[in-house]
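In what follows, a single structure is set out as structure tokens and then discussed.
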Amino acid sequence: MAAALHLSAVNSTPPDTSIPSTILKPSKLSPPIPPSLLLQRVTGPKSLKQIHAQIIKSRCTQALQVQIKLISLYSLFNQMDSAELCFQRIPSKLQFAYNAMIRGYSTHGFPEKALLLYSQMLYSHSPPPDKFTFPFILKACAALSALSEAREAHGRIIKTGLTPDVHISTALVDFYMKLCEVGIARQVFDNIPLKNTVCWNALIAGYAHNELDVEAVDAFKWMIELGFQPSSSTMVSVLPAVGRLGDLEEGKLMHKLIIEKGIEIKESVINSLIAMYGKCGETETARRLFDEMLEKTAVSWTVMISTYARNGKFAEALELFICMQAHGVKPTAVTVASILPACADMMHIKLGMKVHGYSIKNGFDLDIIMSTALVDMYAKCGCIAEARCVFDEMPERNIVSWNAMINAFGLHGQVMDALEWFALMQLDGMKPNGSTFVSLISACSHAGMVAEGLECFKSMSKDYDLVPETKHYACVVDLLGRAGRLKEAFEFIKAMPSEPDDSAWGALLGACRIHKDVELGRMAALKALELKPREPGYYVLLTNIYAGSGRWADAQKLREVMKEKKILKEAGCSSIENGGIVHSFVVGDSKHPEWKKIYKKMEEIEEKLKEEGYVPDTSLVLHEEIEKSERLAIHSERIALAFGLLKIPDGIPIKITKNLRVCADCHSAFKHASRIYKREIILRDLRRFHRFGSGNCSCKDCW
DNA sequence: ATAGGGTTAG
């Protein structure tokens, strides 16, 4: 019945132009064309149906071969219902019939059905699976993350003596890599007797998938050295790894190699090259490649836009975003989502809102990744109410969405809200993960809520079956240390079940700076530098501790060590948005076109501050800098504040973001300024938000 | 009469 319906549907479809009319209307004079020949003319799903109808009408005897070819073609064109009908009608089930069905199910999104047929092969009187069966079974297992099923299949592969088959081994490498079983994947790869390009590709793609970028690049070099010809897939797999490593030299070599080896330059290869150059900071090279592309897809535009966004070229990113649409290419949710983190980073709320508007118009705000990025963007731009609004409107939420909201509250010092949302997420059936607890504990830490923070930490293993990672230990050290409980923090590090990493010692070091403990601080710094010898932050913190306790000679010596080792401390940089443009300032900046005006305003501010009782806090500045204590006044956030007071109209909060932590002196100056100028000032530093108003700060001086 | 590997992202 179903077959009849099916065929009548075929007859009503208009003729496929690709089929010669002789097939559709066979002349009575000439003998019917044999079915096997007819099937060779199939070009797509439409012609397949028509030819199938033709075969049935011609009443030729249908050889098993023809029936199997039909199954194979239907499953190739994703017509699984028709394939299933043919499959059920053949009397003796052969391996290729099964294989064709399993191929269709596993490549067209029905992995469960593929595994069901496989178990039918195993447990009924069917033919056993063969070397053509296993690659599809492993693909289905990968789609379902079915480790035990794959292991069973792997055992059967070994028992049947199929281990040396390169197709099967490649599928095994791919499967284990996708489930992050890198060691097993490598073992399977090493046992392949006759390797080829494709199995190398699976290994390299697998390493890249697991972000083992050095391994991916090494495997690539090794493959070339052994004389294998890389394909475009090889390049597409290895280039993201090079990009993440930021290894421009290696990337250039690979670009050259693509040309030398005559690798087919597909669109995907160029997209990967653009992304690689973008991640290495070479926006101009990336743009040149992009401009030379003949066929740009939405992915190409997205890659170029995110290249600009990643490198802080927001005007170019937005321009390209508009240009893309003018070229009739529709941005995807990924395109717009890739602009948002940049808006968040620069506190470019105007651009963020524009992107939000565009997303609503196109229904992207329903995309979970997109809306989570919006929550994060609004929160990092200081708009916690808007973040909350987007969160409330989300049609669905995953763990990342909840974490973004909890983290948002923490950033804004709203611990009680963070804890409440933590309870809400569980009522919603969501299980917290490691990142949830990082947000929670650091939220408690910033609010000085030691007991609650410790409770969270204990609870994660006791109630949530999570193993605390080094980052959680570092959070607890920060929690205890910040509250002045340095001894306990130290004991906590010593009691860690695994070797502490530099971040734990770094947290203790930071706490020692706040509470001015030279001896413990020195020890923590030595430990941290032992584990991460070139981290400028650790040098700077220890120098600050020395200077703060009057040990100028030690401070000076440390500075010289830094100079000698060519360790540069990161330059402080503050940004502020006005009129849709983000203005950035660094320490002692005089590059801004209006810098003279800004400095004049700054002098005025400093004078007013001093009149109103502000006393510069020079305790954390180096000796030589104290001599000219006005240098304090040139910290980048002070320039940004002057710019804000100069440009942003009364009554509108001034929003500034800084790439490092705000220093105690600037913090005190901002408090005074908020009172004197009757202005709300919102400062986001490396860690959190400070909301200044009427002479106070939301952080309650605890940061 | 059938097979294996890939690009943008919170």
Side-chain angles (χ1 to χ4, degrees), chain A residues 36 39 63-73 75-76 94-104 106-107 130-139 142 162 165-175 177-178 189 192 195-206 208-209 230-240 243 266-276 278-279 297-307 309-310 331-341 344 367-377 397-404 407 435:
Chain A
S36 55
L39 283 171
L64 193 58
Q65 260 184 17
V66 170
Q67 302 200 29
I68 284 164
K69 184 74 192 170
L70 277 167
I71 296 171
S72 168
L73 285 169
S75 88
L76 185 69
L94 295 168
Q95 270 164 335
F96 9 97
Y98 269 105
N99 291 346
M101 288 303 292
I102 290 174
R103 174 185 65 176
S106 90
T107 53
D130 66 356
K131 63 174 180 172
F132 293 102
T133 321
F134 288 111
F136 296 123
I137 291 306
L138 290 165
K139 196 189 180 85
L162 290 171
D165 185 279
V166 67
H167 285 98
I168 294 176
S169 297
T170 301
L172 279 169
V173 170
D174 183 56
F175 171 82
M177 283 297 198
K178 281 189 176 135
F189 177 84
I192 303 175
K195 298 184 176 58
N196 61 18
T197 297
V198 183
C199 71
W200 277 100
N201 290 355
L203 181 77
I204 294 166
H209 173 82
S231 66
S232 49
S233 291
T234 320
M235 302 321 296
V236 166
S237 302
V238 76
L239 284 168
K266 293 186 183 178
E267 177 230 320
S268 57
V269 174
I270 304 185
N271 290 343
S272 306
L273 276 172
I274 294 172
M276 181 277 293
K279 283 178 190 154
T297 62
V299 175
S300 322
W301 289 90
T302 303
V303 172
M304 195 60 228
I305 289 169
S306 65
T307 290
R310 183 193 304 279
T332 65
V334 178
T335 319
V336 276
S338 69
I339 303 182
L340 286 176
D367 179 287
I368 194 162
I369 293 176
M370 176 66 207
S371 47
T372 302
L374 279 171
V375 169
D376 189 63
M377 183 275 294
R397 302 178 187 99
N398 62 16
I399 179 70
V400 188
S401 326
W402 283 95
N403 287 351
N407 191 52
S435 308

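Side-chain atoms are counted along with the backbone in the values below, which use heavy atoms only and exclude waters and symmetry mates. Residue numbers begin at 1 in each chain, while the letters A, B, ... track the order of the sequences. None of the values given here were measured: they were computed from a predicted structure.
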Taking the side chain of [X] as its heavy atoms from C-beta onward, which of [options] lies nearest to it?
X	options	value
A/H167	B/dA9, B/dA3, B/dT8	B/dA3
A/S272	B/dG4, B/dT7, B/dG10	B/dT7
A/N196	B/dG4, B/dG10, B/dT7	B/dG4
A/R103	B/dG6, B/dT2, B/dG10	B/dT2
A/S72	B/dA3, B/dT2, B/dT8	B/dT2
A/F132	B/dG10, B/dG6, B/dA3	B/dA3
A/I368	B/dT2, B/dG10, B/dT8	B/dG10
A/P135	B/dG4, B/dG10, B/dT8	B/dG4

Pairing donors with acceptors under 3.5 angstrom, does anything connect the side chains of [X] and [Y]?
X	Y	result
A/S401	A/N398	yes
A/T234	A/S237	no
A/R103	A/S72	yes
A/D376	A/N407	no

For [X] and [N], what is the distance between atoms [atom1] and [atom2] respectively, to the nearest whole Å?
X	N	atom1	atom2	value
A/L138	B/dA3	CG	C1'	11 Å
A/I270	B/dG6	CD1	P	20 Å
A/D376	B/dA9	CG	C1'	13 Å
A/L340	B/dT8	CG	P	18 Å
A/R397	B/dG10	CZ	C1'	16 Å
A/L172	B/dG4	CG	C1'	10 Å
A/I369	B/dT8	CD1	P	12 Å
A/K69	B/dT2	NZ	P	5 Å

Open item on the list: If you define the side chain from C-beta out and look only at heavy atoms, does anything of A/H167 sit under 4.5 Å from A/F134?
Closed with: no
How is [X] classified with respect to the nucleic acid when contacts are heavy atoms under 4.0 Å: base, sugar-phosphate, or nothing?
X	value
A/V166	base
A/I68	nothing
A/N99	base
A/T332	nothing
A/V198	base
A/A100	nothing
A/F134	nothing
A/K131	base
A/S268	base

Task: A/K195 vs B/dG4: side-chain N/O to OP1/OP2 distance below 4.0 Å - done: no
Task: Residue-phosphate contact under 4.0 Å: A/R310 side-chain N/O, B/dT8 OP1/OP2 - done: no
TODO: List in chain and number order the residues that pass ring pair (Phe, Tyr, Trp, His ring centres under 6.0 Å) with A/F132, two or more places apart in sequence or in another chain; answer none if no residue qualifies.
DONE: none
Task: Under 3.5 Å: donor-acceptor pair, side chain of A/N99, backbone of A/I102 - done: no
Open item on the list: Looking at the base of B/dG10, is there any donor atom on it, or on the side chain of A/N403, that sits under 3.5 Å from an acceptor on the other one?
Closed with: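 It does not, because no donor-acceptor pair links the side chain of A/N403 to the base of B/dG10 below 3.5 Å.
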